[in-house]
Amino acid sequence: MTVGSSTLRAAFARRFDGPPDVVWRAPGRVNLIGEHTDYNDGFVLPWALPLGVSAALRRNDSGVLRMVSLQHGDEVVEAGVADLEPGSVPGWAGYPAGVVWRLRRAGLPVGDAGFDLVVDGDVPAGAGLSSSAALECVVVRAIDDVLGLGLTGPDAAAHARGAENEFVGVPSGVMDQMASLMCAEGCALFLDTRSMATRQVPLDLDPGAGGGLALLLVDTNAPHRLVDGEYADRQRACAAGARALGVPALRDVPLAGLDDALARLDDEVVRRRVRHVVTENARVLDVVGLLDAGRPGEIGPLLTASHASLRDDFEVTVPELDTAVAAALDAGGLGARMTGGGFGGSVVVLARTDAAGAVTDAIAAAFADRGYAPPRALPATPSAGAHPITDD
Ligand code: GLA
């Protein structure tokens with residue numbers, strides 16, 4: 001459970017003898033649609049969760065990072081700023097340390113300032129909801145604020161992603177960091193990962209009086225399996241597909257040209273990976289079109305088609321994700337899909353508000369039948385991206 005800002009400030013004062021310079025918060029994200037498209041220069045449509053990471057930070061001018069996570073007890077992790085190198089800080093502290101390393105390496109005036117940091121989060125790790133991006137982004141913004149770097153959203157996202165890819169060594173696209181930094185309350189963020197153009201798309205689902213729609217988020221609690229190696233493998237297959245087709249990225253294969261493109265690919269696995277990315281990009285555009293037209297009730301089949309494509313063509317689902325989606329649809333859900341990288345994690349379901357309880361109950365019952373760990377419904381109100389917090 002996340003503590004409020006005054007409790008975080010008190011925790012900071014206890015460990016570091018004085019107040020922080022700033023307190024920031026950055027959210028985790030859920031992706032409505034556009035999965036495994038971000039490293040193909042494609043489209044994504046995430047929104048920010050009410051769950052996130054808060055950070056209290058102070059410049060200490062000692063050349064040392066002193067880092068505490070309230071989720072990891074009282075231990076202060078220390079690292080010399082000048083000694084940072086990829087892989088040198090294990091565990092959760094590698095993310096904030098990686099941000100400092102990345103900002104310095106980019107030539108920003110971080111110098112050997114050093115920082116004291118206390119973080120506190122409530123995004124469940126391993127749920128596919130970007131707890132690590134929330135941690136990177138809150139630290140980027142807090143340092144940006146303290147040092148007056150004036151980073152734009154896309155610049156801040158690039159540094160946060162760089163910390164993850166280059167310092168911690170986990171491959172990813174840029175969706176999670178852009179979502180955590182740029183989402184607006186009540187909206188999904190339509191992002192073109194090639195141009196980095198963004199647009200806030202209002203998620204107006206509930207007209208009131210019980211006649212509305214709800215987007216439900218359920219963590220399957222399925223353990224992640226082989227996620228890093230499999231993710232990198234998908235990236236390689238997509239790059240191979242683009243190379244074979246002679247395009248800069250799979251984004252450049254239009255839906256109308258998909259059959260021709262597939263006929264030119266010899267490798268059966270690459271062919272299916274390409275088909276997922278090309279059809280998924282088209283589905284994002286269709287969902288955005290329906291939301292813009294005020295017809296959110298019609299996006300359900302696109303969500304379900306996305307799941308089928310991730311299951312059959314991209315092969316990133318696991319039985320728990322498929323079971324949750326099938327149970328949600330059986331119980332009257334209008335559409336459902338896995339969200340995030342896959343191999344475990346969460347599902348998102350579109351349902352009428354009056355069917356929401358039946359949907360979450362049906363997922364829990366299906367899990368109990370199969371002997372899976374119980375799933376967990378999570379709050380998913382579209383929330384604000386990274387922001388400073390001054391009090392509770
Ligand atoms: C993970 C990555 C993202 C994105 C998704 C799949 O969450 O961090 O960049 O590739 O998987 O859409």
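Order of appearance sets the numbers: ligands from 1, and atoms from 1 within every ligand. When a residue number appears, it is its place in the shown sequence, counting from 1. A quick note: this is a predicted structure, and the numbers were derived from the prediction, not measured.
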Test side chain to side chain donor-acceptor pair (under 3.5 Å) on H276 and D312; report intermediate values, then the result. CA-CA 9 Å; H276 166 70; D312 302 336; over 6 Å; no
Polar contact flag for G173 and ligand 1 (N/O pairs, less than 3.5 Å): yes
the protein heavy atom lying closest to atom 9 (O) of ligand 1 turns out to be D38 OD2, 2.6 Å
Please step through side chain to side chain donor-acceptor pair (under 3.5 Å) for the pair D41 and T193, ending with a clear verdict. CA-CA 5 Å; D41 277 4; T193 65; 4.9 Å; no
Taking distance alone, with N or O pairs closer than 3.5 Å, would you say S130 contacts ligand 1? no
Please identify which atoms of ligand 1 are closer than 4.0 Å to at least one heavy atom of Y39. 10 (O)
Worked check of side chain to side chain donor-acceptor pair (under 3.5 Å) between R29 and S180: CA-CA 6 Å; R29 65 95 189 93; S180 185; over 6 Å; no
Atom indices of ligand 1, in the order listed, that fall short of 4.0 Å to a heavy atom of H36: 6 (C), 12 (O)
Ring-ring centroid check F115 F16, cutoff 6.0 Å: no
Numbered atoms and elements of ligand 1 in range of M175, under 4.0 angstrom, heavy atoms: 4 (C), 5 (C), 12 (O)
Can you report which non-hydrogen protein atom sits closest to atom 7 (O) of ligand 1, along with the distance? R29 NH2, 3.0 Å
To the nearest 0.1 Å, how far is atom 11 (O) of ligand 1 from its closest protein heavy atom, and which atom is that? G341 CA, 3.3 Å
Atom 8 (O) of ligand 1: which protein heavy atom is closest, and how many Å away? D176 OD2, 2.6 Å
To the nearest 0.5 Å, tell me how far T7 OG1 sits from F12 CZ. 15.0 Å
Can you list the steps and then say if S309 with R283 is a side chain to side chain donor-acceptor pair (under 3.5 Å)? CA-CA 11 Å; S309 179; R283 283 186 287 270; 3.2 Å; yes
